[in-house]
Amino acid sequence: QVQLVESGGGLVQPGGSLRLSCAASGRIVSINAMKWYRQVPGKERELVAAISSGSRTDYTDSVKGRFTISRDNGKNTVYLQMNSLKSVDTAVYYCHAAGVRVLWSYDVRDYWGQGTQVTVSS
């Protein structure tokens, strides 16, 4: 019904930048919060950044000042600009859409993207 497709991951050297995108498609009426999580093998998924429908943002401490989350409500797309990347940022990054309403339904659901690999290495 609703799909999230991420793009923009890849291999980058320490100090470099990447921009992740996540586009939501389907009969979407509205999305409450949009978030980026990341996960490394053997660890729990970690919330990296979040943006509300009113564009209020929040970040985990380790990325403050380096990452910027933004969204385009008209395109149901969220972005994560990642600068000054470090090896510890290496992970699979997942997009999450919270509180999604779709046409002809009273349901409110959350959805996840499939993940995109970010590797920071020289």
With sequence neighbours left out, which residue pairs that include part of residues 51-60 fulfil the side chain to side chain donor-acceptor pair (under 3.5 Å) condition?
none
Which residue pairs pass the side chain to side chain donor-acceptor pair (under 3.5 Å) test when at least one of the two sits in residues 22-35, sequence neighbours left out?
none
Non-hydrogen side-chain atoms of [X] and [Y] separated by less than 4.5 Å:
X	Y	result
Asp89	Phe67	yes
Gln1	Val102	yes
Val48	Tyr37	no
Tyr93	Met82	yes
Tyr94	Cys22	no
Val120	Val88	no

Can [Y] be reached from [X] by stepping across I, L, V, M, F, W or Y side chains whose heavy atoms are under 4.5 Å apart?
X	Y	value
Tyr79	Val63	no
Ile28	Val78	yes
Val92	Trp36	no

Gap between atom [atom2] of [Y] and atom [atom1] of [X] - 0.5 Å precision:
X	Y	atom1	atom2	answer
Asn76	Arg71	CG	CZ	8.0 Å
Ser122	Leu11	OG	CG	9.5 Å
Leu85	Thr90	CG	OG1	8.5 Å

Under the side-chain hydrogen bond (donor to acceptor under 3.5 Å, both in side chains) test, residues paired with [X] that sit two or more places apart:
X	answer
Lys64	Asp61
Gln39	Arg45
Ser62	Arg38

Closest non-hydrogen atom pair, Pro14 against Ser121:
CD-C, 3.6 Å
Ignoring hydrogens, what is the shortest heavy-atom contact between Ala49 and Leu80? Give both atom names and the distance.
CB-CD1, 4.1 Å
Can a side-chain donor-acceptor contact be found between Ser17 and Asn83 if the only test is distance below 3.5 angstrom?
yes
Only pairs under 3.5 Å count here: list side-chain donor-acceptor contacts from residues 108-117, not counting sequence neighbours, and write none if there are none.
unit_1, atom_1, unit_2, atom_2, d
Arg109, NH2, Asp107, OD2, 3.1
Asp110, OD1, Gly99, N, 2.9
Gln114, NE2, Glu6, OE1, 3.4
Thr116, OG1, Gly9, N, 3.4
Gln117, NE2, Ala91, O, 3.4
Gln117, NE2, Thr119, OG1, 3.3

Take Val100 and Val29, measure what side-chain contact (heavy atoms from CB on, under 4.5 Å) needs, and give me the verdict at the end.
CA-CA 8 Å; Val100 181; Val29 173; over 6 Å; no
Within 6.0 angstrom of Arg66 CZ, more than 12 heavy atoms from elsewhere
yes
